[in-house]
Colleague: 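Can you read through this structure? Questions will come right after.
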Protein chains: 2
Amino acid sequence: MANTSKFNRGDVLRKASDLFWGKGFAGTSIRDIQDTVNMRPGSIYATFGSKEGLFKESLLNYAGAMERKMDAYIGNAHNPIVGLQQYVEYNIIEGATCHPSGVCMLFKASGEFNGQNPALFQFSQTLLDGFENKVTQIFADAKQAGFVAEDFDEANAGQQFVIQFTGLRNYFNGRNTPELAKQLIDKMFVNLVNETH
Amino acid sequence: MANTSKFNRGDVLRKASDLFWGKGFAGTSIRDIQDTVNMRPGSIYATFGSKEGLFKESLLNYAGAMERKMDAYIGNAHNPIVGLQQYVEYNIIEGATCHPSGVCMLFKASGEFNGQNPALFQFSQTLLDGFENKVTQIFADAKQAGFVAEDFDEANAGQQFVIQFTGLRNYFNGRNTPELAKQLIDKMFVNLVNETH
DNA sequence: AGACCTTTTGAACGATTGCTCAATAATAAA
DNA sequence: TTTATTATTGAGCAATCGTTCAAAAGGTCT
């Protein structure tokens, strides 16, 4: 062995992720990152290879944090679908005050790279698909546990969840109307549990 | 009088708008614009003042074109709500092949500028509000003409329209599954016309 | 034609971009 | 302590960024 790294990779990725999430890929400069993660360019490039490499890892880190947060809400709820709703409320209502952007970073990346950077577009699409699959699995588990009707369609529900969640996040981005948001999220879940074959 | 302008302002704005729509504000350089609109920097700055000024006019031009397209679909349909649905299908299905981005430029701008550029964020939010108001008015007219029930809530429907439209556009951005898109748009409108007080 | 005014041109500005690399520092094993 | 190996530093590269401006060109009037 030799010299050991001074930086915690997870901390660096969290900070870089927040920067990219708020300002976008093109809107974030390596110097922005240098300043907030307190690393010199040589160190950044030795660790992540390129701005694109750092972005890919940041996006991966974001998706992972997203899923862990969702798991936490579901784990604390007796009904996984109620946990899912609380997770949505957290993102749209509380998240508005403490997140770098109201819009999902995965969709923001997908929108920024589509037609611009096929590799990064593909990468973000794959993570989005993974998210939809995860939600679908949660709905499948909820069905198995008897929280929804037997003719409930978890695939449709997963699809609708992603669409509604995206629509609502965009709509309430920059808007500060938590009571209206709460009301529309309620409506979203009333419709969701009625997704049948 | 003196020398007259060689460029058609509308053409220039259309091309600049498409560039910004596809690549975003930060991702588009003035040199990109120089090349596609065939103007020298001095001319661009004499006409539009700055990159931000050009973007604002481009966004305004985009919103105007959006509304004209919507009016055209509604004007050609016997039922304005059917026209609205055809407009949505055009954007999500046909538009996927001929538009610079599957995502609405207004939301893309709103997402890019939130927390970054308050003036441009406000500007995009105002245009989004205008779009929702226009859709709400269309629903109100449809109600007046008897195309929906008397307890139909046009404000709720306008709100839901914007949310669903955004969610679907994002979901089908880069996805090439027109039959699934058609199916989900149908479902969206079935739910929309049942928006009541 | 000539005078007058506006538009267009394009070289060039300082700032910033993503990124490199030789030098230096820091650690673990011998 | 020495040696081997790895991490960090930061000045600085070439390219590109948004923007400016004096000069040239183009059009309308008398």
Side-chain angles (χ1 to χ4, degrees), chain A residues 1-59 109 112-113 116-121 123-124, chain B residues 1-59 109 112-113 116-121 123-124:
Chain A
M1 282 297 144
N3 196 359
T4 57
S5 179
K6 286 171 60 183
F7 305 105
N8 180 303
R9 198 184 185 93
D11 284 346
V12 169
L13 282 174
R14 241 185 310 282
K15 288 175 184 169
S17 183
D18 277 1
L19 220 49
F20 280 131
W21 185 5
K23 299 156 74 97
F25 178 75
T28 306
S29 73
I30 292 290
R31 264 141 181 116
D32 285 336
I33 289 162
Q34 284 174 223
D35 294 344
T36 66
V37 307
N38 194 31
M39 285 174 82
R40 256 40 61 199
S43 248
I44 296 174
Y45 280 84
T47 311
F48 301 104
S50 66
K51 191 188 178 186
E52 281 202 19
L54 176 57
F55 187 86
K56 281 180 85 167
E57 280 211 51
S58 298
L59 204 64
E112 180 169 1
F113 293 130
Q116 280 301 120
N117 186 326
L120 283 179
F121 174 72
F123 190 76
S124 61
Chain B
M1 283 297 145
N3 195 359
T4 57
S5 179
K6 286 170 61 183
F7 305 103
N8 180 304
R9 198 185 184 93
D11 285 345
V12 168
L13 283 174
R14 242 186 310 281
K15 287 176 185 169
S17 183
D18 277 1
L19 222 48
F20 280 131
W21 186 5
K23 297 155 76 95
F25 179 74
T28 306
S29 73
I30 293 289
R31 265 139 180 121
D32 286 335
I33 289 162
Q34 285 174 223
D35 295 343
T36 65
V37 307
N38 195 30
M39 284 174 81
R40 259 36 63 199
S43 247
I44 295 174
Y45 278 83
T47 312
F48 301 104
S50 66
K51 190 187 177 186
E52 283 201 18
L54 175 57
F55 187 86
K56 282 179 83 167
E57 280 210 52
S58 298
L59 205 62
E112 181 169 3
F113 293 130
Q116 280 302 120
N117 187 325
L120 282 179
F121 174 73
F123 190 76
S124 61

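Within every chain, numbering begins at 1; the chains are lettered A, B, ... in the order of the sequence lines, protein sequences first and strands thereafter.
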Colleague: Is T4(B) touching bases, backbone alone, or none of the nucleic acid, heavy atoms closer than 4.0 Å?
Modeller: sugar-phosphate
Colleague: Can you name the side-chain hydrogen bond (donor to acceptor under 3.5 Å, both in side chains) partners of D11(B), sequence neighbours left out?
Modeller: R14(B)
Colleague: Give every pair of a protein N or O atom and an N or O atom of nucleotides 1-3 of chain C that lie under 3.5 Å apart, one pair per line with the distance.
Modeller:
none

Colleague: Which nucleotide sits closest to the side chain of N3(A): dG10(D), dT8(D), dT6(D)?
Modeller: dT6(D)
Colleague: For dT8(D), does either OP1 or OP2 sit under 4.0 Å from a side-chain N or O belonging to S5(A)?
Modeller: yes
Colleague: Calculate the interatomic distance between R40(B) atom CZ and dA12(C) atom C1'; express it in whole Å.
Modeller: 16 Å
Colleague: Taking OP1 and OP2 of dA25(D), is either one under 4.0 Å from a side-chain nitrogen or oxygen of K6(B)?
Modeller: no
Colleague: Kindly write out the residues that satisfy side-chain hydrogen bond (donor to acceptor under 3.5 Å, both in side chains) with R31(A), not counting sequence neighbours, or none if the list is empty.
Modeller: none
Colleague: Measure from CG on N38(A) to C1' on dG10(D) and round the result to the nearest Å.
Modeller: 13 Å
Colleague: Hey, could you give me each pair passing side chain to side chain donor-acceptor pair (under 3.5 Å) that has a residue in residues 42-56 of chain B? Not counting sequence neighbours.
Modeller: E52(B)-N117(B)
Colleague: Check the distance between dT8(D)'s P and I33(A)'s CD1 and give it to me in whole angstrom.
Modeller: 16 Å
Colleague: How long is the straight-line distance from CZ of F25(A) back to CG of L59(A), given to the nearest 0.5 Å?
Modeller: 11.0 Å
Colleague: Assign F48(A) to base, sugar-phosphate, or nothing according to its heavy-atom contacts below 4.0 angstrom with the strands shown.
Modeller: nothing
Colleague: Could you write nucleotides 12-18 of chain D as a row of B, S and -, 5' to 3', where a protein heavy atom under 4.0 Å of any base atom gives B, of only sugar-phosphate atoms gives S, and otherwise -?
Modeller: B----BB
Colleague: Roughly how many Å is it from CD1 in I44(A) to C1' in dT9(D), rounded to a whole number?
Modeller: 12 Å
Colleague: If you measure from CG on L19(A) to CG on D32(A), what distance do you get to the nearest 0.5 Å?
Modeller: 5.5 Å
Colleague: Given side chain to side chain contact (heavy atoms under 4.5 Å, CB included), test V12(A) with F48(A) step by step and report yes or no.
Modeller: CA-CA 11 Å; V12(A) 169; F48(A) 301 104; 3.9 Å; yes
Colleague: Is it the case that the side chain of E112(B) and the backbone of G24(B) share a donor-acceptor pair, with hydrogens and angles ignored and the cut-off at 3.5 Å?
Modeller: no
Colleague: Specify the separation, in whole Å, of atom CE of M39(B) and atom P of dT19(D).
Modeller: 15 Å
Colleague: Which value, rounded to the nearest 0.5 Å, describes the distance between F7(B) atom CZ and N38(B) atom CG?
Modeller: 6.0 Å
Colleague: According to side-chain hydrogen bond (donor to acceptor under 3.5 Å, both in side chains), who are the partners of Q34(B), at least two apart in sequence or on a separate chain?
Modeller: none
